[in-house]
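Heads up, the thing below is written out as structure tokens.
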Amino acid sequence: MKLSRGVSVFLLAFGVWSWAIWITFVKNLFKDVSGLAFDGSGDPTGYFWVHLALAVASFGLGTAVGAIGLRGLLASRRTGRGES
């Protein structure tokens, strides 16, 4: 399958955006003082574990999508095609 340059750039940008958003979310999750992520004794709650699992899954998907975009972009540069 051949990806156009535009699609490749979009996929790469989406992967980078996904990492940026979820890194920020995880930092905020660990700093949570509202009582959602950690109970009164400081132990993680179900909310914490579910959202951490979502973040890990999103890191994996963001990496995969970004890698596909990067491979498509590199292939388009290698072959000199820009609009295929």
Side-chain angles (χ1 to χ4, degrees):
M1 174 195 233
K2 295 180 183 180
L3 299 175
S4 70
R5 182 174 171 82
V7 170
S8 296
V9 169
F10 174 78
L11 292 175
L12 180 58
F14 181 84
V16 170
W17 175 83
S18 180
W19 268 84
I21 293 300
W22 284 99
I23 285 173
T24 302
F25 182 82
V26 169
K27 285 180 184 178
N28 291 335
L29 184 64
F30 276 97
K31 294 178 189 175
D32 179 59
V33 293
S34 71
L36 287 174
F38 300 97
D39 62 15
S41 63
D43 294 328
T45 63
Y47 176 91
F48 173 85
W49 292 114
V50 166
H51 286 83
L52 187 61
L54 287 171
V56 169
S58 293
F59 287 139
L61 292 171
T63 300
V65 168
I68 291 168
L70 181 61
R71 288 183 65 185
L73 193 59
L74 293 174
S76 72
R77 286 186 178 177
R78 236 185 345 262
T79 61
R81 64 175 173 83
E83 298 300 321
S84 298

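Nothing here was measured: the structure is a model prediction, and the numbers come from that model.
- The list of side-chain hydrogen bond (donor to acceptor under 3.5 Å, both in side chains) pairs with a residue in residues 21-30, not counting sequence neighbours, reads W22-S58.
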Extract all donor-acceptor atom pairs below 3.5 Å that involve side chains of residues 49-56 and protein atoms in other chains or at least two apart in sequence.
unit_1, atom_1, unit_2, atom_2, d
H51, ND1, Y47, O, 2.8

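- Residues that satisfy the side-chain contact (heavy atoms from CB on, under 4.5 Å) test with D39, not counting sequence neighbours, are S41, D43, T45.
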Report, one line per pair, each donor and acceptor closer than 3.5 Å where one atom sits in a side chain of residues 59-74; sequence neighbours left out.
unit_1, atom_1, unit_2, atom_2, d
T63, OG1, W19, NE1, 2.9
T63, OG1, F59, O, 2.7

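- Under the ring pair (Phe, Tyr, Trp, His ring centres under 6.0 Å) criterion, F38 pairs with F48, sequence neighbours left out.
- Linking Ile, Leu, Val, Met, Phe, Trp and Tyr whenever their side-chain heavy atoms come within less than 4.5 Å leaves L12 and I21 in two separate clusters.
- By the side-chain contact (heavy atoms from CB on, under 4.5 Å) test, S34 pairs with D32, L36, sequence neighbours left out.
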